[in-house]
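Note that the structure is a prediction, hence the values are computed from the model and not measured. Reckoned from all heavy atoms, side chains included, excluding hydrogens, waters and symmetry mates.
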Amino acid sequence: MSGQGKVALVTGAGSGIGRATALALMAEGYAMVLVGRRQEQLDATAELGKATGSRSLAVPTDVGDPAAVKALFAKVKDEFGRLDLLFNNAGTGTPPVPIEELTYEQWKAVVDVNLTGPFLCTQEAIRMMKRQTPQGGRIINNGSLAAHAPRPLSIAYTATKHLITGITRQVALDGRPFDIACGQIDIGNAATPMTAHTPTGALQANGSMMPEKQMDTAHVGQAVVYMAGLPLDTNVLFMTVMATKMPYVGRG
């Protein structure tokens, strides 16, 4: 198993893509740190992963809070002594509203989770990865197709996901001397609670509502397993995994 003896941390691990990825990594032998806001959801993921035989640790954390993130990584160091993989997956959005109607509070809530959270977690992961023996590790960011093309009325989500691409590139560059690899997975229409409306109708650029195809989150988990399983001298900088028939390629 590619993850035997390795430690991974997944944010947003209580549901959706985070849960599917955590379970896929545990099946590969990774010891797992499950991070999210709700203890009961993290515990449910841990319970589902018991059959793999891999160890897991559930740590409820607000990733947008610097003190909480520092406490999280201190716990990881105490429990496991090292970190081999960070998957910055936690994300949130807003209801679809015109730009001028988005409140500051809505904007800040998305920025805290989607942008500040990955930055803070990346900082702490790099500190650990530089100091541990053997040195190095891998960081994977969930960029989303919104890192490339917006959906209507989603400025906060789109802006933060575009900025994640900048973080990915910078960490990939600055991590080189320390064997820290960084890549990004851009996901389109995985079936999660956030996209539950998509099969019945999603807002299109022309103002219409149209059902869209989805894919199973398990395929995202397997894609992350592939990225994570590469040796540190090899990196998938960007990967796109999406529902084949969703309206993204071309003009719709």
Side-chain angles (χ1 to χ4, degrees), residues 9-19 21 35-38 41-42 59-73 86-126 139-171 182 184-190 192-198 201-210 212 220 238 240 242 246-248:
L9 188 157
V10 174
T11 68
S15 64
I17 288 166
R19 175 176 284 177
T21 301
V35 177
R37 289 182 181 270
R38 295 170 293 174
Q41 291 293 99
L42 299 176
V59 187
T61 306
D62 177 358
V63 294
D65 178 349
V69 172
K70 281 186 179 295
L72 163 67
F73 280 82
L86 166 65
F87 181 35
N88 282 314
N89 166 72
T92 190
T94 66
V97 296
I99 293 169
E100 70 276 15
E101 294 179 15
L102 189 75
T103 67
Y104 170 74
E105 290 75 19
Q106 288 174 310
W107 169 267
K108 187 174 185 302
V110 174
V111 170
D112 286 349
V113 175
N114 293 11
L115 186 62
T116 303
F119 168 69
L120 294 173
C121 290
T122 295
Q123 275 193 317
E124 295 301 320
I126 287 173
I139 298 168
I140 300 174
N141 296 319
N142 181 344
S144 163
L145 294 188
H148 302 272
R151 285 192 179 274
L153 308 178
S154 58
I155 189 168
Y157 189 79
T158 300
T160 53
K161 290 303 186 178
H162 272 64
L163 289 165
I164 285 294
T165 300
I167 288 177
T168 298
R169 290 191 168 117
Q170 194 67 56
V171 175
C182 184
Q184 180 168 314
I185 184 165
D186 297 319
I187 302 159
N189 282 12
T192 71
M194 275 186 68
T195 61
H197 64 284
T198 305
L203 182 62
Q204 305 298 305
N206 64 3
S208 67
M209 297 292 290
M210 186 180 79
E212 294 186 11
V220 180
F238 294 102
T240 300
M242 56 184 275
M246 69 172 292
Y248 174 67

I would like to know whether Thr168 and Asn141 meet side-chain hydrogen bond (donor to acceptor under 3.5 Å, both in side chains); could you show each step before the answer?
CA-CA 7 Å; Thr168 298; Asn141 296 319; 2.9 Å; yes
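- Taking both residues in full, the closest heavy atoms of Val220 and Ala190 are given as CG2-CB, 4.2 Å, listed atom of the first, atom of the second, then distance.
- Counting all heavy atoms, side chain and backbone alike, Trp107 lies closest to Ala159 at CH2-CB, 4.0 Å.
- Counting only heavy atoms from C-beta outward, the side chains of His148 and Asp186 approach each other to under 4.5 Å.
- Asn89 and Gly12 make their closest contact through ND2-O, 3.4 Å (heavy atoms, listed as atom of the first residue, atom of the second, distance).
- A donor-acceptor pair under 3.5 Å links the side-chain atoms of Thr160 to the main chain of Tyr157, judged by distance alone.
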Under 3.5 Å, which donor-acceptor pairs link side chains of residues 95-105 to any protein atom two or more places apart or in another chain?
unit_1, atom_1, unit_2, atom_2, d
Thr103, OG1, Gln106, N, 3.0
Thr103, OG1, Gln106, OE1, 3.3

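- Using a 4.5 Å cut-off on side-chain heavy atoms (C-beta onward), Leu153 and Thr94 make no contact.
- Thr116 contributes atom OG1, which lies 7.5 Å from atom NZ of Lys108 (distance to the nearest 0.5 angstrom).
- Atom CG of Leu120 and atom CG of Asp112 lie 9.0 Å apart (nearest 0.5 Å).
- Between Gly143 and Lys161, the closest heavy-atom pair is O-CD, 3.0 Å.
- For the pair Glu212 and Pro247, the minimum side-chain heavy-atom distance is below 4.5 Å.
- Between Ile17 and Ile187 there is a side-chain heavy-atom pair separated by less than 4.5 Å.
- In this structure, the side chain of Thr61 does not engage the main chain of Val63 through any donor-acceptor pair within 3.5 Å.
- Taking SG of Cys182 as the start and CD of Gln170 as the end, the distance is 10.5 Å to the nearest 0.5 Å.
- Scanning both residues, Thr11 and Leu9, for their nearest heavy atoms gives CG2-CD2, 3.8 Å.
- Environment of CZ in Phe238: crowded, with over 12 heavy atoms of neighbouring residues, nucleotides or ligands closer than 6.0 Å.
- If you take CD1 on Ile139 and CD on Gln184, they are separated by 12.5 Å, rounding to the nearest 0.5 Å.
- Of the candidates Thr122, Ile164, Asn142, Ile140, Thr122 is the only one forming a side chain to side chain contact (heavy atoms under 4.5 Å, CB included) with Asn88.
- To the nearest 0.5 Å, atoms CD (Gln123) and CZ (Phe73) are separated by 10.5 Å.
- Residues Leu203 and Arg151 are not in side-chain contact: their nearest non-hydrogen atoms beyond the backbone lie 4.5 Å or more apart.
- Side chains of Thr92 and Asn114: a donor-acceptor N/O pair is absent below 3.5 angstrom, by distance only.
- Listed by chain and residue number, Asp62 satisfy the salt bridge (Lys or Arg N to Asp or Glu O under 4.0 Å) test with Arg37 (two or more places apart in sequence, or in another chain).
- Among all heavy-atom pairs drawn from Leu145 and Thr240, the shortest one is CD2-CG2, 3.6 Å.
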